[in-house]
Visitor: 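First the structure, then my questions, so here it is.
These numbers were taken from a predicted model, which means no experiment stands behind them.
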Amino acid sequence: MAKDYPELDFESTSEIKVSDRIIDQVIGQDKAVKIVKKAAEQRRNVILIGEPGTGKSMLGLALAELLPRADLVDTLCLPNTKDENNPIIKTVPASTGRKIINAVPPANALAGNDNNMMYIMFIVFGVISIIYGVINYFFLSKESDVLQAANRISFTFFVTIFVLGAFAIYTLSKGLSQRMVKILKPKIIVDNAKKDKAPFIDATGAHEGALLGDVRHDPFQSGGLGTPAHERVEAGAIHKANKGVLFIDEIATLKPESQIMLLTAMQDKKLPITGRSERSAGAMVNTEPVPCDFILVAAGNVRNFLEQIHPALRSRMRGYGYEVYINNMIDDTPENRAKFAQFIAQEVKKENGKIPHLNRKAVIEVIKESRRRSGRKNKLSIKFREIGGLIRVAGDIAKEEGADLVTEKHVEKAKELSGSLEKQMVEKAIEHNKEYNVILNKGNEIGRVNGLAVLGESDAGLVMPIEAVVTPTSKEGESKIIATGKLGKIAKEAVNNVFAVIKKYKGKDIKQRYDTHIQFVMSYNGVEGDSASISIATAVISALEDMPVRQDTAMTGSLSVRGEVLPIGGINAKIEAAMEAGVKRVIVPKLNVEDIIPTLRSDGIEIIPVENISDVLQYALTNSKNKNNLVKEIKKIIR
């Protein structure tokens, strides 16, 4: 094993040195790393587009790490004595904000002697009145019984009023002093006191107020009981990211209004904070502009980004920054395998002792799994979030068994336990379909083919039977193609491409005499893509010519209008699905053969590479004289 992977010169990942710098931990994104370094030096914005789990947020963290801390500031919100609804904004060097807050005198110091003197005079007057009342109540009263009773009632009432009045004055004087503190005391809305590096603020999924800042609603807006406006101001993510990095994944999902406000903040490098709800008391408050000089790292997938990003925002980012397409796979070279081992060591370190390190054979097994998931020859998948999940599951298994190191057996068990939801669904579906003979793996059938597909965007392959029936047309001279099974746009186009080939050899017959019905059996999740093209063509031709198809054979491949078989994705997952279904032979595009991992080539299933539709029919149809004639005829129309 050592001679196969000499670059993996260690016994376990504990021997691999892991850098503390985030930028050095980024694997497989050399171009993006260079751009991030330039962006940090020149303070440029960066757009990172690619698949989930490929390191976009890590690149944003790395950019923040490279920025200097020296320029960080605290942002204070102060009361405006001229207009309470227009609070004043002030910036001070980082850590100074708390000193200013602590320097404000306490409430009892602000209460003043006037309140204390008034309170004392009220108490003295009350005490003297009570003493006089007591003396008069018990010793000096010579009035009639009726007047004495009246005096006693009034005295009792006076004492009660006095006690309540004293309590009220005390409470109000204390409340007024506290309110004075609130009115005079600034509020820190951005505090960088404890930051040892430039801030990195992840605003992914943040609502408008959390992103752009907000002013809290105040239910007590009158009578002196309300909270001062500046106390209700809350900074947004753009303000907290001042002098640092603002990271927003799936930025295209932001509302257009929020994208425009974000653009304004980027242009002006400051944005006032106001209440975001029109029904809130905060809507009346509008602060002075608050600094928000941030570097925007925007991420997303290609489709959503191109379709939903606001053109003005993208133009701003492109004009003052970089656009980067993130890799999802790297070349399978000794250098990259060594880097892959470094990634595994990093993942173990992040777990802080929760899982053991991997031994050398376990690392090789993880690399092989990455190679399988890439689905391409000489490539390694760097969807590191999914690979990291596999490492953690293997570590959990090893921990449970009390092992000192994760071994290749633990990784093998982890592959079974950590299968995606789609893969688990497919396994259940294959089991169900085999039980009820929906999937056939032996015998011969006319117009029926075992197609291969991948569920959604996962690595879960499945066998999808495709059936075709040709019937006399219901209207002379007008043929119909009826395909059922929740076909997507590309799948429908693939059906049309298939008939371009069939019409070439069938001529007017197929155009004027037949209706063709195509069914994707039990395709409850829909069908998208063109990798079923050769399966459709085989099923239709089988039905037209009344020639049986071998059911121990499955197939996948795209078909051009010229009859050529083109490469497809997910080849390894599809072959694995065929094996699970008990199929003995798999027809694949010749251009995909090198993408098949070695273990699948030697696992007892026959891999049949093909270049055109005539090759497909040669291997898929049962042997007969008619088949040979048909294959010769179709070869003539292929260019």
Side-chain angles (χ1 to χ4, degrees), residues 45 72-92 97 100-101 179 181-192 199 201-248 251-296 298 309-310 312-313 316-317:
N45 302 308
L72 293 186
V73 296
D74 293 338
T75 305
L76 302 177
C77 188
L78 294 84
N80 188 338
T81 55
K82 295 182 180 179
D83 184 358
E84 184 184 15
N85 288 328
N86 185 219
I88 298 169
I89 298 298
K90 182 179 180 181
T91 58
V92 294
I100 294 174
I101 297 299
R179 178 164 172 75
V181 173
K182 280 187 175 181
I183 292 174
L184 296 174
K185 190 174 183 178
K187 177 183 179 181
I188 303 181
I189 58 174
V190 178
D191 186 1
N192 286 314
I201 305 298
D202 188 345
T204 302
H207 59 76
E208 188 179 24
L211 177 64
L212 305 172
D214 204 350
V215 181
R216 288 182 282 113
H217 176 63
D218 182 10
F220 303 104
Q221 301 174 41
S222 60
L225 299 176
T227 303
H230 77 285
E231 281 283 339
R232 294 184 280 120
V233 174
E234 301 290 344
I238 62 172
H239 307 110
K240 295 175 183 177
N242 186 39
K243 304 297 182 182
V245 173
L246 178 67
F247 178 80
I248 305 179
I251 189 171
T253 61
L254 287 177
K255 295 179 181 177
E257 298 83 358
S258 295
Q259 293 189 40
I260 291 298
M261 293 299 292
L262 187 61
L263 171 62
T264 302
M266 292 171 64
Q267 290 174 332
D268 299 342
K269 301 189 184 303
K270 54 187 177 180
L271 188 74
I273 298 175
T274 187
R276 298 293 162 186
S277 173
E278 295 181 359
R279 298 182 179 182
S280 168
M284 297 295 295
V285 179
N286 191 46
T287 70
E288 291 182 345
V290 182
C292 53
D293 183 10
F294 55 83
I295 295 174
L296 178 60
I309 192 70
H310 198 288
L313 178 59
R316 175 75 185 185
M317 293 193 69

Visitor: Nearest 0.5 angstrom please: S258 OG to L313 CG, how far?
Guide: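 So the gap between those two atoms works out to 11.0 Å.
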Visitor: Please report the closest heavy-atom contact between M317 and A298, naming both atoms and the distance.
Guide: CE-CB, 3.8 Å
Visitor: Can you confirm whether V215 sits close enough to N286 that some side-chain heavy atom of one is under 4.5 Å from a side-chain heavy atom of the other?
Guide: no
Visitor: Look at the side chain of N242 and the backbone N and O of D293, then say whether any donor-acceptor pair between them is shorter than 3.5 Å.
Guide: yes
Visitor: Quick one: closest heavy-atom pair of C77 and I189, and the distance?
Guide: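 C77 and I189 have their closest heavy atoms at CB-CG2, 4.0 Å.
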Visitor: Apply side chain to side chain contact (heavy atoms under 4.5 Å, CB included) to residues R316 and Q267 and explain how you reach the verdict.
Guide: CA-CA 8 Å; R316 175 75 185 185; Q267 290 174 332; 3.6 Å; yes
Visitor: For A237 and A203, work out which heavy atoms get closest and say how close.
Guide: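 Heavy atoms only, the tightest pair is CB-CB, 3.8 Å.
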Visitor: Has D268 got a side-chain atom pairing as donor or acceptor with K270's backbone, closer than 3.5 angstrom?
Guide: no
Visitor: Out of I273, I238, L212, which one pairs with V290 under the side-chain contact (heavy atoms from CB on, under 4.5 Å) rule?
Guide: I273
Visitor: SG of C292 to CE of M266: how many Å apart, nearest 0.5 Å?
Guide: 10.0 Å
Visitor: To the nearest 0.5 angstrom, please state how far the OG1 atom of T75 sits from the NZ atom of K240.
Guide: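 Atom-to-atom, T75:OG1 and K240:NZ are 11.5 Å apart.
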Visitor: What verdict does the salt bridge (Lys or Arg N to Asp or Glu O under 4.0 Å) test give for E234 and R216, after you've listed the backbone C-alpha separation in whole Å, the side-chain angles of each residue and the deciding distance to 0.1 Å?
Guide: CA-CA 7 Å; E234 301 290 344; R216 288 182 282 113; 2.9 Å; yes
Visitor: Would you confirm whether H230, through its side chain, and K185, through its main-chain N or O, come within 3.5 Å as a donor-acceptor pair?
Guide: yes
Visitor: Between the main-chain N or O of N86 and the side-chain N or O of T287, is there a donor-acceptor pair closer than 3.5 Å?
Guide: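 No, T287 side chain to N86 backbone: no donor-acceptor pair under 3.5 Å.
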Visitor: State the NZ-CD1 distance between K82 and I88, to the nearest 0.5 angstrom.
Guide: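 Rounded to the nearest 0.5 Å, the NZ-CD1 separation comes out at 8.5 Å.
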Visitor: Can you tell me if D74 uses its side chain to pair, donor with acceptor, with the backbone of V92 under 3.5 Å?
Guide: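 A pair under 3.5 Å: no.
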Visitor: Between I248 and L296, is any pair of side-chain heavy atoms under 4.5 Å apart?
Guide: yes
Visitor: Would a distance-only check, ignoring hydrogens and angles, find a side-chain to backbone donor-acceptor pair under 3.5 Å from D218 to T227?
Guide: yes
Visitor: Within the structure provided, determine whether L78 and P87 are in side-chain contact (heavy-atom separation under 4.5 Å).
Guide: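 SC-SC contact between L78 and P87 ruled out.
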Visitor: When rounded to the nearest 0.5 angstrom, what distance separates CG in L72 from NZ in K243?
Guide: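 One gets 9.0 Å once the value is rounded to the nearest 0.5 Å.
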Visitor: Would you call I309 and L254 a side-chain contact if the rule is heavy atoms closer than 4.5 Å?
Guide: no
Visitor: So which heavy atom on A265 is nearest to which on F294, and how close?
Guide: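 Closest approach of A265 to F294, heavy atoms only: CB-CE2, 4.3 Å.
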Visitor: For the atom pair CZ (R276) and CD (E257), what is the distance rounded to the nearest 0.5 Å?
Guide: 11.5 Å
Visitor: Do the side chains of I251 and L262 get nearer than 4.5 Å, heavy atoms only?
Guide: yes
Visitor: Under 4.5 Å between any side-chain heavy atoms of L76 and I100, yes or no?
Guide: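 Touching, per the 4.5 Å side-chain cut-off.
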Visitor: Checking H239 side chain against L271 main chain: does a donor-acceptor pair fall under 3.5 Å?
Guide: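 Yes, H239 side chain to L271 backbone: donor-acceptor pair under 3.5 Å.
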Visitor: Is P291 close to I89 at the side-chain level, that is, under 4.5 Å between some pair of heavy atoms?
Guide: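 In short, these two side chains touch, coming nearer than 4.5 Å.
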